[in-house]
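Positions are given from 1, in the same order as the sequence printed here.
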Amino acid sequence: MFETLPNARRCALLIAASIAATGCAAPAFGQAAGQAAMPDSKAGSARPKLSDAKPASPNATINLVHLLVKQGVLTEEQAAGLIKQADDEAYIARQAAKNASTKADEAAKAATAAAAAAEPKGTRHVTYVPEIVKRQLREDIKREVMAKAEQENWASPGKYPEWAQRIRFYGDVRARYQGSFFPTGNDQFNAINFNAINSGSPYDIASSSNFPTYNASQNRNQVRFRARLGMDADLTNGFLAGLRIATGESNSPVSTNQTLGGSGSNFSKYSLWLDRGYLKYQTPEQNLVASIGRFDNPFWSPTDVMWYRELGFDGLAVQAKYQVSEAFTPFGVLGAFPIFNTDFNAGMNNANLNAASNNGNIGFSKYASHDKWLFGAQGGFAYRFDPVREIRVAAAYYDFENVQGQISDCTPQTSADGCPSDLSRPLFAQKGNTYMSLRNLGFGSWNNLGQSNLYQYFGLVQKFRPVVAGASLDFGDFHPYHIVLDGEFVWNTAFNRALAVGGPAGTLPGNVGGYIYNNYGPSSGGTAYPFNGGDKGWMARVTVGNKEIKHFGDWNAHVGYKYLESDATLDAFADADFGLGGTNLKGYFIGGNVGISDNVWASLRWMSANNIGGVPYAVDVVLVDLNAKF
């Protein structure tokens with residue numbers, strides 16, 4: 001029947017909404033459910049015949065809505081919405097009427113009391129409130145109640161208060177299988193782990209045969225897990241705050257992975273770290289964004305040849321963009337980031353240390369600050385050729401202040417003794433950068449004329465002021481599938497090859513500072529060890545498929561090549577997966593992603609890396625991930 005009426009679906013919706021909201025009885029129905037009531041068929045009838053049916057109860061109203069669903073006029077979702085709306089508005093109306101009646105009674109009592117006080121004793125007075133005043137009072141109270149209900153959301157069960165609606169929680173979980181496979185021929189003996197030395201006690205060069213090394217020969221199979229939970233809070237007027245915690249085996253800046261069975265094994269609990277924490281101000285269109293604290297990389301990077309994609313930045317950054325036209329949008333970034341702050345109590349604790357290296361003061365003095373900073377500036381633009389093609393280009397300049405190693409005279413008698421140059425060593429590194437010894441230890445009775453107690457730290461040989469240029473070209477001709485070409489080039493403008501003097505580990509006098517310990521080629525005629533590090537790097541990649549993996553069936557695949565010389569950039573912040581992290585690596589990679597549900601997807605990547613210079617090293621890494629976000 002309803003299908004034959006004009007606009008039947010819209011009318012039915014309006015009728016059901018009206019019945020549910022007002023609580024009035026439904027129009028009279030015929031003997032069969034769904035038939036409309038008709039007036040007396042006689043033309044001369046004085047009035048339409050009224051149904052003597054009782055007013056519909058709430059259950060009858062709900063039955064009507066269910067009938068409309070059964071007839072196909074309403075969907076289940078629409079019916080649920082109408083019933084909830086009816087309940088909410090009926091609750092508000094009852095609350096308003098109740099409050100109005102209470103306040104009217106209180107007003108009448110107050111008026112009676114006031115009149116009794118003013119009249120002579122024995123006078124009787126009957127208070128009368130005009131009906132128009134009562135109606136006005138009810139309307140005022142109803143508006144007040146509804147305003148309060150809207151503000152506090154108590155009339156809508158399940159809805160958060162206004163302040164809570166400005167907080168957004170998000171997170172992601174990733175389970176990973178990681179296989180690391182090493183071919184024969186890698187040089188395990190000279191794979192020196194400088195990070196293990198610099199992050200612990202100084203190494204005794206007199207025991208050079210026992211240098212700590214990173215794994216370069218034994219295959220590994222690991223099951224790893226990552227979980228992150230974040231919160232963004234809108235503080236109003238453009239201000240925002242954010243926090244995020246994450247898993248991780250250590251405070252490494254480039255990994256939040258936790259190896260299952262690690263960190264104590266036997267089902268031991270794992271650590272959580274503060275991964276993000278910031279305050280931010282942004283304009284409504286986000287043309288200007290200023291951030292302070294620990295936040296995501298503010299610089300646009302199409303690849304991870306310079307910055308690992310999950311790296312967090314500590315400091316201050318300002319991002320700006322301006323849409324000149326629908327097709328052209330320039331942008332820029334400025335930032336200052338402390339990467340090392342001198343310990344407040346840093347100093348010598350050995351009264352026998354060389355006075356010449358301590359400004360004439362023997363022992364127990366403090367070091368001058370040796371803070372390290374990163375300053376960066378980037379400019380670029382996005383240009384849309386047409387609705388389906390876009391290019392983005394940017395160039396950046398980065399200045400790493402005070403990261404180069406410094407040499408000092410020092411006579412440590414134990415591994416606990418410090419030297420002024422120690423502060424210049426990197427406290428976190430991966431591998432690839434060129435390292436030199438930092439302490440001039442000399443000869444004396446304290447080290448058996450250079451035969452023992454040669455405690456040494458290692459620092460970076462080069463300064464780092466890289467220039468980076470990147471571009472991304474997006475072809476959306478087959479939308480939702482895209483073809484994206486990414487490329488990036490890095491050049492360390494502060495690189496100085498003349499600084500790379502010395503020789504490989506095992507051929508140097510361990511007491512001398514300034515000698516190079518890695519990135520040497522094989523000897524020529526048994527005498528020369530040519531330095532074969534470098535200052536440049538680049539990466540190119542092609543990606544085909546969906547730009548984002550959000551739903552079941554979404555997919556993309558990529559293939560690329562990376563070439564990153566030893567001192568093109570700091571190895572601490574480079575990709576942590578390719579070649580198991582760092583610089584001085586080249587090779588191919590291939591991978592893909594596929595959606596297996598909404599916000600759940602699987603990934604597969606294979607990366608084959610080889611050393612560019614230095615000792616022989618190669619590794620194939622396979623990553624199989626199951627990802628979910630919320």
Side-chain angles (χ1 to χ4, degrees), residues 174-188 191 214-226 249 252-257 259 301-311 429-433 470 472 484-490 534 536-545 549 555-566 568-594 601-627:
R174 182 180 70 195
R176 163 175 290 182
Y177 162 76
Q178 177 173 323
S180 304
F181 306 102
F182 301 95
T184 58
N186 283 356
D187 187 343
Q188 181 64 68
Y214 55 83
N215 181 23
S217 58
Q218 298 300 315
N219 295 342
R220 291 285 189 265
N221 293 283
Q222 298 170 288
V223 179
R224 315 188 81 184
F225 183 80
R226 183 189 73 182
E249 294 174 339
S252 163
V254 292
S255 177
T256 52
N257 289 317
T259 301
S301 298
T303 75
D304 51 16
V305 70
M306 177 71 188
W307 306 114
Y308 186 47
R309 59 185 175 276
E310 295 180 4
L311 180 67
Q430 298 191 81
K431 60 180 184 295
N433 287 160
S472 179
V484 181
L485 308 178
D486 295 320
E488 200 164 15
F489 174 81
V490 55
K536 297 179 180 62
W538 59 273
M539 177 175 165
R541 178 178 59 200
V542 179
T543 305
V544 178
I549 309 298
W555 65 273
N556 60 39
H558 66 267
V559 62
Y561 184 85
K562 179 184 288 188
Y563 183 93
L564 187 60
E565 293 179 331
S566 62
T569 184
L570 283 180
D571 63 25
F573 306 134
D575 185 358
D577 298 324
F578 185 78
L580 297 178
T583 62
N584 193 31
L585 295 165
K586 64 179 179 180
Y588 296 92
F589 57 90
I590 188 171
N593 304 277
V594 60
W601 70 100
S603 304
L604 173 65
R605 282 192 292 161
W606 171 80
M607 295 164 283
S608 180
N610 296 268
N611 262 11
I612 298 174
V615 301
Y617 173 79
V619 62
D620 291 339
V621 178
V622 177
L623 301 178
V624 182
D625 296 340
L626 179 62
N627 309 270

Closest non-hydrogen atoms of L604 and V622, given as atom of the first, atom of the second and distance, are CD1-CG1, 4.3 Å
Closest non-hydrogen atom pair, S566 against G432 | CB-O, 3.3 Å
Quick one: pull up CZ in R174 and OG1 in T256 and give me the separation to the nearest 0.5 Å.
-> 6.5 Å
side-chain hydrogen bond (donor to acceptor under 3.5 Å, both in side chains) between N593 and S603, intermediate numbers included | CA-CA 4 Å; N593 304 277; S603 304; 2.5 Å; yes
Flag side-chain contact, heavy atom, 4.5 Å: L570 against W307 = no
From CG (L623) to CH2 (W606), nearest 0.5 Å = 12.5 Å
Can you check whether I590 reaches H558 side chain to side chain, under 4.5 Å on heavy atoms?
-> no
Side chains of K586 and F578: does their closest heavy-atom pair fall under 4.5 Å?
-> no
Taking ring-ring contact (aromatic ring centres under 6.0 Å, His included) as the test, write out the residues that go with Y617, two or more places apart.
-> Y214
K431 and its side chain to side chain contact (heavy atoms under 4.5 Å, CB included) partner, picked from L580, N611, N584 = L580
Check: N215 main-chain N/O paired with R220 side-chain donor or acceptor under 3.5 Å = no
Determine whether T259 and Q178 make a side-chain contact, defined as any pair of heavy atoms from C-beta on separated by less than 4.5 Å.
-> no
So, does S252 use its side chain to make a donor-acceptor pair with the main chain of V254 at under 3.5 Å?
-> yes
Salt bridge check: are E249 and R224 linked by an N-O gap of less than 4.0 Å?
-> yes
Closest approach of Q430 and G581, non-hydrogen atoms and distance?
-> OE1-CA, 3.2 Å
Taking all atoms of both residues into account, what is the closest heavy-atom pair of A574 and G582, and its distance?
-> CB-O, 3.7 Å
Could you check S472 against D486 for side-chain hydrogen bond (donor to acceptor under 3.5 Å, both in side chains), going step by step and ending with a plain yes or no?
-> CA-CA 4 Å; S472 179; D486 295 320; 2.7 Å; yes
Where the side chain of D575 meets the backbone of D304, is there a donor-acceptor pair that is under 3.5 Å apart?
-> no
Check step by step if side-chain contact (heavy atoms from CB on, under 4.5 Å) holds for N556 and V544.
-> CA-CA 5 Å; N556 60 39; V544 178; over 6 Å; no
For P616 against G185, the heavy-atom pair lying closest together = CB-O, 3.5 Å
Does A618 offer a backbone N or O that forms a donor-acceptor pair with the side chain of N186 under 3.5 Å?
-> yes
Check whether any side-chain N or O of E488 sits under 3.5 Å from a backbone N or O of A540 as a donor-acceptor pair, and report yes or no.
-> no
Check: E310 and N257 side chains under 4.5 Å, non-hydrogen atoms | no
Does V594 reach the side chain of I549, with side-chain heavy atoms less than 4.5 Å apart?
-> no
Can M306 and F573 be said to form a side-chain contact (heavy atoms from CB on, under 4.5 Å), step by step?
-> CA-CA 7 Å; M306 177 71 188; F573 306 134; over 6 Å; no
Worked verdict on Y561 versus W538 for side-chain contact (heavy atoms from CB on, under 4.5 Å) = CA-CA 8 Å; Y561 184 85; W538 59 273; 3.4 Å; yes
Hey, what do you get for OG (S180) to CD (Q222), rounding to the nearest 0.5 Å?
-> 6.0 Å
4.5 Å side-chain heavy-atom contact, Y588 and M607 | no
When you look at I612 and N610, which way does the side-chain contact (heavy atoms from CB on, under 4.5 Å) test go after all the steps?
-> CA-CA 6 Å; I612 298 174; N610 296 268; over 6 Å; no
Would you mind checking if D577 and R309 are paired as a salt bridge, meaning a charged N to carboxylate O distance below 4.0 Å?
-> yes
Any side-chain heavy-atom pair of L585 and K562 under 4.5 Å = no
Determine yes or no for a side-chain-to-main-chain donor-acceptor pair under 3.5 angstrom, with N433 supplying the side chain and T569 the backbone.
-> yes
Does D625 reach the main-chain N or O of R176 with its side chain, forming a donor-acceptor pair under 3.5 Å?
-> no
Which heavy atom in V542 sits nearest to a heavy atom in L485, and how many Å separate them?
-> CG2-CD2, 3.6 Å
Y177-N221 side chain donor-acceptor pair, cut-off 3.5 Å = yes
Which residue pairs pass the salt bridge (Lys or Arg N to Asp or Glu O under 4.0 Å) test with at least one member in residues 606-622, sequence neighbours excluded?
-> none
